[in-house]
Asker: 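Would you mind keeping the following structure in view while I ask a few things?
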Amino acid sequence: MHRSWTHVGRCWTNGEPFLALDSDLLPSWRGMSEQAYEALVPHLAYDLTAVAVGTGTAGLVLTDPEIGDEGWLEVFRADDGSIAVVQVNAGDYRGTLDAALAFPTTDDQEGDVVAVPSGRLAFVSAALDGTGEDGAFLLPESPGPTPVSDELGDDSATDASPLLVVPPGSFRLSVRWRTELYADAAFARWLLIRTD
């Protein structure tokens, strides 16, 4: 299926995974203050695509160490309501992002379903809390051009994560681990595809 994608935000990772969850669940995630992240680490595996948070479920974006130990996770929204998170290691950053978004889903790993009944989908580092003094700093999505570089730029940007407004409903994860396009270009991709 052809989708038209718009870049809406980015998350800086130092190798820790990110959670994609309904914003109403944020107070229930205590990655730092109650060591929920430390408790999660021994269970992290490529086949794990979601974790329980409070009364709901958070999608797990388990960054791919074969792409890099740190860097940006780029967040996109499609015209059909799907969301994509893409991790890239490439000389042609923009071109590889475009190729990753267009890459077929045929051999993707099918993941869990994530409900977003509030209509607000948050991306937060699993190593932080969802709210409070140790909580993630959320910014409204900011549609704009696809990044052309993975340069860090303004350090303050690494503290923020996007909050997307979506129609209330559910998404199913579809995961593609490290995929090499050519010698110096590889990506991993997490799609959140609307189920209703």
Side-chain angles (χ1 to χ4, degrees), residues 1 3 5 10-22 25-26 28-32 34-78 80-90 96-97 99-117 121-130 136 161-162 164 166 169-181 185-196:
M1 168 187 285
R3 297 181 175 99
W5 294 96
R10 57 192 344 194
C11 312
W12 180 265
T13 176
N14 290 309
E16 81 280 10
F18 270 69
L19 303 179
L21 72 167
D22 188 291
L25 298 175
L26 288 170
S28 299
W29 180 254
R30 291 285 174 247
M32 182 177 289
E34 296 179 12
Q35 290 79 49
Y37 175 58
E38 193 174 303
L40 176 63
V41 168
H43 305 286
L44 294 176
Y46 284 129
D47 61 348
L48 183 66
T49 60
V51 296
V53 176
T55 59
T57 300
L60 183 67
V61 177
L62 181 63
T63 55
D64 192 328
E66 292 188 32
I67 301 294
D69 292 332
E70 64 177 22
W72 292 112
L73 299 175
E74 307 291 357
V75 183
F76 296 85
R77 182 198 288 267
D80 69 352
S82 299
I83 308 294
V85 180
V86 183
Q87 182 184 13
V88 161
N89 184 346
T96 305
L97 285 170
L101 293 168
F103 207 85
T105 60
T106 313
D107 297 321
D108 282 15
Q109 170 192 335
E110 186 173 300
D112 291 283
V113 171
V114 176
V116 188
L121 177 64
F123 289 88
V124 297
S125 167
L128 299 176
D129 290 352
S161 297
L164 282 62
V166 299
S170 298
F171 295 86
R172 179 174 293 281
L173 270 90
S174 178
V175 183
R176 171 168 287 279
W177 295 106
R178 185 182 188 279
T179 300
E180 188 171 317
L181 296 174
F187 73 88
R189 181 187 68 195
W190 296 262
L191 293 177
L192 290 90
I193 301 169
R194 294 288 308 196
T195 62
D196 51 14

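Only heavy atoms go into these numbers, but all of them, side chains included; no hydrogens, no water, no symmetry mates.
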Asker: Looking at residues at least two apart in the chain, or sitting in another chain, which of them share a salt bridge (Lys or Arg N to Asp or Glu O under 4.0 Å) with Glu34?
Answerer: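 If we apply the salt bridge (Lys or Arg N to Asp or Glu O under 4.0 Å) test to Glu34, skipping adjacent residues, there are no hits.
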
Asker: Contact between Thr55 and Leu25 at the side-chain level, heavy atoms closer than 4.5 Å - yes or no?
Answerer: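 They are in contact (side-chain heavy atoms under 4.5 Å apart), so the answer is yes.
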
Asker: Of all heavy-atom pairs between Asp196 and Gly169, which one has the smallest distance, and what is that distance?
Answerer: OD1-CA, 3.4 Å

Asker: Taking the side chain as C-beta and beyond, is there a heavy-atom pair between Pro17 and Tyr37 under 4.5 Å?
Answerer: yes

Asker: May I ask you to decide if Ser174's main-chain N or O and Trp190's side chain share a donor-acceptor pair within less than 3.5 Å?
Answerer: no

Asker: I'd like to check Ile67 versus Val88 (side-chain heavy atoms, cut-off strictly below 4.5 Å). Are they in contact?
Answerer: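 In short, these two side chains do not touch, never coming nearer than 4.5 Å.
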
Asker: Please check: side-chain N/O of Thr63 versus main-chain N/O of Gly15, any donor-acceptor pairing under 3.5 Å?
Answerer: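 Flag set: sc Thr63 to bb Gly15 pair under 3.5 Å.
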
Asker: As an exercise, state the distance from CG of Asp80 to CH2 of Trp5, rounded to the nearest 0.5 Å.
Answerer: 6.5 Å

Asker: Roughly how far, to the nearest 0.5 Å, is the CG atom of Leu101 from the CZ atom of Arg3?
Answerer: 10.0 Å

Asker: In Å, rounded to the nearest 0.5 Å, how long is the span from CG of Leu191 to CD1 of Ile83?
Answerer: 10.0 Å

Asker: Determine whether Pro117 and Asp22 make a side-chain contact, defined as any pair of heavy atoms from C-beta on separated by less than 4.5 Å.
Answerer: yes

Asker: Using 0.5 Å steps for rounding, measure from the OH atom of Tyr46 to the CG atom of Leu60.
Answerer: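 CG of Leu60 is found 12.0 Å from OH of Tyr46.
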
Asker: Could you check if a side-chain atom of Leu62 sits within less than 4.5 angstrom of a side-chain atom of Leu48, using non-hydrogen atoms only?
Answerer: no

Asker: Is the backbone of Ser170 close enough, under 3.5 Å, to the side chain of Thr195 for a donor and an acceptor to pair up by distance?
Answerer: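 Present.
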
Asker: Could Arg194 and Phe171 be counted as a cation-pi pair, given that NZ or CZ must be under 6.0 Å from the ring centre and within 45° of the axis?
Answerer: yes

Asker: Applying salt bridge (Lys or Arg N to Asp or Glu O under 4.0 Å), which residue pairs with at least one partner in residues 58-75 are found, sequence neighbours left out?
Answerer: Arg10-Glu74

Asker: Atom CD1 of Ile193 and atom OG1 of Thr105: how far apart are they, to the nearest 0.5 Å?
Answerer: 6.0 Å

Asker: To the nearest 0.5 angstrom, please state how far the OG1 atom of Thr13 sits from the CZ atom of Phe18.
Answerer: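 Between atom OG1 of Thr13 and atom CZ of Phe18 there are 5.5 Å.
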
Asker: Would you mind reporting whether Leu21 and Leu26 have side-chain heavy atoms less than 4.5 Å apart?
Answerer: yes

Asker: I'd like to know if the side chain of Asn89 reaches the main chain of Gly68, judged simply by a donor and an acceptor atom lying under 3.5 Å from each other, with no hydrogens or angles considered.
Answerer: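 Pair absent, no side-chain N/O of Asn89 close to backbone of Gly68.
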
Asker: Do Glu16 and Ser125 have side-chain N/O donor and acceptor atoms under 3.5 Å apart?
Answerer: yes

Asker: Any sub-3.5 Å donor-acceptor pair from Thr179's side-chain atoms to Trp177's backbone N or O?
Answerer: yes

Asker: Sequence neighbours left out, what pairs pass salt bridge (Lys or Arg N to Asp or Glu O under 4.0 Å) with at least one residue falling in residues 101-115?
Answerer: Asp108-Arg176, Asp108-Arg189, Glu110-Arg172

Asker: Minimum heavy-atom separation for Trp29 and Ala126, please, with both atom names.
Answerer: NE1-O, 3.1 Å

Asker: Show the nearest heavy-atom pair for residues Val75 and Cys11, with the distance to one decimal.
Answerer: CG2-SG, 4.2 Å

